[in-house]
Amino acid sequence: MSRNLSEFSKKNYDLLVIGGGINGAAIANIAAGRGLSVALLEKGDFGSGTSSKSSKLIHGGIRYLENFEFDLVFESLRERALQLQCAPHLVKPLRFIIPVYKGDKRPLWMMRLGVFLYDRIAGRYRIGRHQSLSREELMRLEPGLKREGLKGGVMYFDAQMDDARLCLENVLSAAEKGAQVANYAEVFSFIKAGGKAAGVKVRDRFSGEEFEMRAKRILCAAGPWTNQLVRMDDAQAEKKVRTTKGIHLVCAAKISDHALLIPSRRDNRIFFVLPWQGGSMIGTTDTDYVGNPDRVDVRRDDMNYLIEETRRVFPSLSLGETDIASAFAGLRPLVRLYGAPSKIPRKHYLFETKSGILFVIGGKYTTYRKIAEDCVNKITAPRRERTYAIFGSGEAAGDPAAVSREYGLDEEIICALREKYGAQYPRILALTKGNPKLKERIVPFLPIIKAQIVYSAAVEMAVTADDIFLRRLSLGYSPKRTEDMEKSFRKAIAEVCPSIKQRGEDYA
Ligand SMILES: Cc1cc2nc3c(=O)[nH]c(=O)nc-3n(C[C@H](O)[C@H](O)[C@H](O)COP(=O)(O)OP(=O)(O)OC[C@H]3O[C@@H](n4cnc5c(N)ncnc54)[C@H](O)[C@@H]3O)c2cc1C
């Protein structure tokens, strides 16, 4: 797949999508599937914005029950079922526990009612049955929890995903259906004809070359950058998005076997401690952010908040900064309303400017398919998609043990390839035929082989070493990330893909 922007400028597209996060990617996927000619432009790498900085949950959002957002919870639970079905390699069911302590703002009866309602709303989309847990049961399931003041708890189900890859697989699926997609292609101006938007000016962020592109409809799915594009269209326009920052901490050690949803003592918000790639992920915060979205970062007070709250519930761990392998910050592109950030509805919202540009804002990762469907239904004859597919959808063929023997690779590697690429995994194996060097592991403790680097560049449109390391191989927020491990990967990338650009973005 090529990102040749001069080719893009030869056509007048039915739809031009700005922003290659999950929403833009899915819009391009659905629109291309309906036969529209589509272009998708992303100024960084696909998914490098909010769509790789989420809590990585495909969830109904049990906490939205408190805000009486029942329709959003139902929509999210229905979408959760669809994602579990269409992307089983990237979206997995996850068991959650909510421990309740004496003095918590939400008492045990309320939590019991919450999980009961959650399952009732899910109906046939339920993953597994909720359960009430006694204090003893809780201590047996999570022995690290503070015993003192523990009243009991509840268990329920949601799902966990790989956000960056889910986004990428939507982009690749769109491209497979004929959409022209490009990363590192920044829109810097709108072209107008008679007051109406007729196209954009775009800059290749590597060569610096500028191009003009024409389209009948333009749709901005720019997440936290929406206000910039709104003002690019009309310098006097009001801001539309309120950005709130959320950070996550990745711990090398495993804090808990289950996902935990914990009410914080400091501000009564809810945060998660999640099992993550053999370690744990703690998140998130929710504070207003007014700076440049390109420069959002993790601050010491954000970290302290999560460390202190986790230490309160897991006192024996004496968690400290040295236990944190990495941290990352993202921005929620919320509809611009006043009030506490956690109380702002997560429903998406579409609007059109005087010049005819469509914008989509708000929403959750979980509901991305529905958001995209609503957007495409604004542009072409409305239709409800009954099924959904991304690049790796479908059956991952072959018995892992037999495939392992056929290719002379560890079964652990075959299983890991199936988990990452779904039905596409034989394409990585095919690269190793005739080139046994590509079967080599990059570091001995991870089931990742050199063929995956070649595949990232040849098929998955990786342009820089960061694109491969952070998002294609999902190592950006790995609990096993160390300087030495990263060096080994960069060396392997330079060895098997010498043309790849070493320059990347700055990450927390
Ligand atoms: C901390 C945090 C945790 C979250 N956790 C969850 C969760 O667990 N589950 C859930 O369902 N939701 C979650 N969300 C919400 C979810 O992540 C977002 O709703 C979703 O990722 C937004 O996607 P997007 O495509 O709108 O934005 P983005 O992913 O930010 O994509 C917008 C893209 O537009 C590009 N762009 C901007 N300007 C231009 C330009 N001029 N030219 C070209 N491209 C441009 C940007 O580079 C960016 O990649 C979380 C959000 C945060 C911040």
Side-chain angles (χ1 to χ4, degrees), residues 16-28 39-61 63-64 72 75-76 79-80 83 91 94 158-161 163-164 166-167 170-171 182-190 200-203 205 213 218-233 241 243-248 259 271-272 274 281 283-287 289 292-294 296 298 302 328-335 341 346-348 359-372 375 471 505:
L16 185 138
V17 184
I18 303 174
I22 187 61
N23 288 332
I27 292 164
L40 171 69
L41 299 174
E42 163 55 50
K43 80 183 174 89
D45 185 24
F46 304 117
S48 60
T50 311
S51 297
S52 55
K53 316 285 175 15
S54 79
S55 305
K56 301 168 204 316
L57 297 175
I58 293 290
H59 61 158
R63 76 172 184 80
Y64 305 125
L72 175 66
E75 185 173 86
S76 304
E79 291 301 313
R80 183 186 72 180
Q83 293 302 317
V91 184
L94 184 65
D158 255 322
Q160 192 173 38
M161 53 138 173
D163 53 4
L166 195 51
C167 175
N170 271 276
V171 173
N183 45 3
Y184 300 102
E186 179 167 18
V187 171
F188 64 93
S189 168
F190 290 110
V200 298
K201 291 186 182 171
V202 54
R203 184 180 300 119
R205 287 188 69 190
M213 286 176 61
I218 298 174
L219 202 158
C220 296
W225 290 264
T226 298
N227 292 338
Q228 290 180 1
L229 283 146
V230 165
R231 294 262 166 99
M232 197 187 279
D233 173 46
V241 155
T243 44
T244 72
K245 180 169 80 163
I247 74 139
H248 289 85
F271 72 99
F272 298 112
L274 303 165
M281 186 186 290
T284 175
T285 54
D286 200 352
T287 49
Y289 178 87
N292 182 341
D294 289 322
V296 60
V298 177
D302 300 325
F328 57 96
L331 292 175
R332 294 176 191 82
L334 304 179
V335 178
R346 266 34 177 188
K347 190 97 186 115
H348 61 282
F359 282 81
V360 60
I361 54 174
K364 297 166 60 185
Y365 201 116
T366 305
T367 51
Y368 80 83
R369 189 213 60 88
K370 177 69 171 64
I371 297 174
C375 290
R471 288 171 291 274
E505 309 118 82

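Ligands are counted one by one from 1 in listed order, and the atoms in each one are counted from 1 as well.
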As an exercise, state the distance from [atom1] of [X] to [atom2] of [Y], rounded to the nearest 0.5 Å.
X	Y	atom1	atom2	value
Thr244	Tyr289	OG1	OH	12.0 Å
Ser76	Leu57	OG	CG	12.0 Å
Arg205	Asn183	CZ	CG	10.5 Å
Thr50	Lys245	OG1	NZ	13.5 Å

Practice task
Using non-hydrogen atoms of the residue, decide whether Lys245 is closer than 4.0 angstrom to ligand 1.
Solution key: no

Practice task
Could you tell me whether ligand 1 has any atom less than 4.0 Å away from a heavy atom of Ala185?
Solution key: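 Flag set, Ala185 near ligand 1.
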
Mind checking whether [X] has an N or O less than 3.5 Å away from an N or O of ligand 1?
X	result
Val187	yes
Met161	no
Thr366	yes
Asn23	yes
Ser48	no
Ile58	no

Search all heavy atoms of [X] against all heavy atoms of [Y] and return the closest pair with its distance.
X	Y	value
Met213	Leu16	CE-CD1, 3.4 Å
Phe190	Leu229	CE1-O, 3.6 Å
Tyr368	Ala26	CD1-CB, 3.4 Å
Thr366	His59	OG1-N, 3.1 Å
Gly60	Lys364	O-NZ, 3.4 Å
Val202	Leu41	CG2-CD1, 4.0 Å

Handout entry: Qualifying residues under side chain to side chain contact (heavy atoms under 4.5 Å, CB included), relative to Asn227, sequence neighbours excluded
Key = Lys239, Lys240, Val241

Closest protein heavy atom (residue, atom, distance) for [atom]:
atom	answer
atom 44 (N) of ligand 1	Lys43 N, 3.1 Å
atom 47 (O) of ligand 1	Glu42 OE2, 2.7 Å
atom 34 (O) of ligand 1	Gly19 CA, 3.3 Å
atom 15 (C) of ligand 1	Tyr365 N, 4.0 Å
atom 27 (O) of ligand 1	Gly223 CA, 3.6 Å
atom 5 (N) of ligand 1	Ser55 N, 2.9 Å
atom 8 (O) of ligand 1	Leu57 N, 3.1 Å
atom 2 (C) of ligand 1	Lys53 O, 3.8 Å

Exercise for the section: For Ser54 and Asp163, test the side chains for any donor-to-acceptor distance below 3.5 angstrom and give the result as yes or no. Expected result: yes

Handout entry: From Gly21, Ser76, Ser51, Gly20 - option closest to atom 23 (O) of ligand 1 by heavy atom
Key =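 The option holding the nearest heavy atom is Ser51.
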
Handout entry: Of the listed options Ala329, Ser54, Gly363, closest to atom 50 (C) of ligand 1 (non-hydrogen atoms)
Key =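 It is Ser54 that holds the nearest heavy atom.
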
Completion exercise
The side-chain hydrogen bond (donor to acceptor under 3.5 Å, both in side chains) partners of Ser55 (sequence neighbours excluded) come to His248

In terms of atom number and element, which parts of ligand 1 are under 4.0 angstrom from non-hydrogen atoms of [X]?
X	result
Pro224	30 (O)
Thr284	1 (C)
Ile18	40 (C), 42 (N), 43 (C)

Exercise for the section: For a side-chain contact (heavy atoms from CB on, under 4.5 Å) with Ile371, tell me which candidate from Ile27, Ile22, Asn23 qualifies. Expected result: Asn23

Heavy atoms only, cut-off 4.0 Å: how does [X] contact ligand 1, side chain, backbone, both, or neither?
X	value
Gln228	neither
Thr244	neither
Ala25	neither

